[in-house]
Amino acid sequence: MRSAFRQAARSAGRLALDLLLPSHCLTCEQPVDAPGQLCPRCFEQTNFITDPCCARCGVPFETRERGGAAGECANCLADPPPWGQARAALKYDAQSKRMILPLKYGDRVENARALAPMMARAGAELLQAADWLVPVPLHRTRMITRRYNQAALLAQSVAKLSGRKALLDALRRVRATTPLAELSPTRRAEEMTGAIAVRANCRIMLQDARVLLIDDVLTSGSTARACVAALQEAGASRVDVLAAARVRAQHWDG
Ligand SMILES: [Zn+2]
Ligand SMILES: [Zn+2]
């Protein structure tokens with residue numbers, strides 16, 4: 001009883017502190033009205049990816065005509081990706097790194113809640129059609145050092161915000177992989193082939209389901225490709241991709 005009282009007093013104290021201390025902008029020290037907001041200056045510097053963009057992979061186009069009749073970029077036409085559509089909320093640059101890197105490496109788990117509305121906006125149509133949100137998995141050894149999977153936190157927040165269901169542990173890494181940043185695009189694809197599998201107890205839920213794969217940053221797409229292959233093998237009818245940010249590709253405008 002006494003410890004319950006102490007616990008309640010401590011929570012109340014924390015709440016009072018939260019109310020007393022002004023909230024800070026997500027990416028600078030400026031005070032803002034509520035936690036998880038950007039100040040006007042940082043908002044101005046944030047590069048959202050908006051239409052027009054490639055219908056398939058979501059890379060931004062300078063003009064709608066740029067995508068031609070299919071509305072797709074040259075890369076997607078030459079080598080169609082295995083997913084239906086991929087979308088990302090932000091360009092991966094100095095500003096979005098200030099939101100994503102602390103979530104990935106700095107225990108700033110609350111940044112997932114701040115990124116979720118941006119992702120929900122970028123992926124509104126894909127979310128509406130999705131049966132399940134599934135995060136890209138983190139390998140167990142990395143899970144031990146980081147303690148949480150940032151893609152799962154994003155999937156959870158986006159699911160809550162959009163009223164969709166998330167299957168947080170549907171995918172698992174079958175083996176540890178070399179950090180992809182150190183590899184060439186061809187080696188990345190080779191490294192990821194067969195590295196991800198669907199958990200046996202989730203297969204039934206994924207049968208004929210439309211899945212939205214969630215990741216923090218889309219880089220070369222080799223991790224997403226391995227996840228899509230595993231989900232399709234388990235019987236998913238379609239897989240789309242939604243990320244917080246995407247790395248600038250050679251073929252995108254602006
Ligand atoms: Zn700011
Ligand atoms: Zn494309």
Side-chain angles (χ1 to χ4, degrees), residues 18 21-103 106 108 110-119 122-126 129 185-186 188-189 212-213 215 217-229 232 238-254:
D18 285 347
L21 293 173
S23 301
H24 287 280
C25 164
L26 262 179
T27 55
C28 80
E29 292 306 309
Q30 281 294 315
V32 288
D33 295 339
Q37 287 183 347
L38 290 163
C39 74
R41 204 171 144 256
C42 291
F43 184 83
E44 182 85 4
Q45 284 174 6
T46 304
N47 290 308
F48 295 95
I49 298 177
T50 50
D51 269 336
C53 63
C54 168
R56 198 71 187 266
C57 71
V59 301
F61 286 155
E62 217 149 67
T63 61
R64 196 164 294 280
E65 290 65 44
R66 190 63 172 71
E72 293 184 15
C73 72
N75 273 35
C76 287
L77 289 172
D79 179 20
W83 52 75
Q85 289 177 290
R87 290 291 178 269
L90 304 163
K91 293 182 183 176
Y92 192 57
D93 56 13
Q95 169 62 359
S96 66
K97 278 180 188 171
R98 288 186 199 110
M99 296 178 239
I100 293 165
L101 295 182
L103 166 68
R108 293 284 299 271
E110 65 274 22
N111 283 19
R113 278 198 302 277
L115 288 161
M118 303 178 197
M119 292 172 72
E125 284 173 34
L126 303 180
T186 325
R188 283 178 183 209
L212 184 55
L213 182 73
D215 204 359
V217 183
L218 259 180
T219 310
S220 65
S222 22
T223 307
R225 279 170 193 267
C227 294
V228 173
Q232 282 170 341
R238 170 173 165 152
V239 185
D240 298 299
V241 183
L242 179 60
R246 75 174 301 148
V247 171
R248 194 180 195 288
Q250 277 170 341
H251 59 292
W252 86 11
D253 306 332

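Just so you know, ligand 1 is whichever comes first in the structure, and atom 1 is the first atom listed for that ligand.
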Contact between [X] and [Y] at the side-chain level, heavy atoms closer than 4.5 Å - yes or no?
{"X": "Leu115", "Y": "Leu90", "answer": "yes"}
{"X": "Lys91", "Y": "Pro60", "answer": "yes"}
{"X": "Arg225", "Y": "Pro81", "answer": "yes"}
{"X": "Arg246", "Y": "Val241", "answer": "no"}

> If we ignore angles and hydrogens, is there a donor and acceptor under 3.5 Å between the side chains of Gln95 and Thr27?
Replying inline: yes
> Does Arg108 have any salt bridge (Lys or Arg N to Asp or Glu O under 4.0 Å) partners at least two apart in sequence or in another chain, and if so, which?
Replying inline: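 Arg108 satisfies salt bridge (Lys or Arg N to Asp or Glu O under 4.0 Å) with Glu110 once adjacent residues are dropped.
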> Which angle, to 10 degrees, forms at the Zn ion (ligand 2) with SG of Cys73 on one side and SG of Cys57 on the other?
Replying inline: 110°
> Under 2.8 Å from the Zn ion (ligand 1), protein N/O/S atom count?
Replying inline: 4
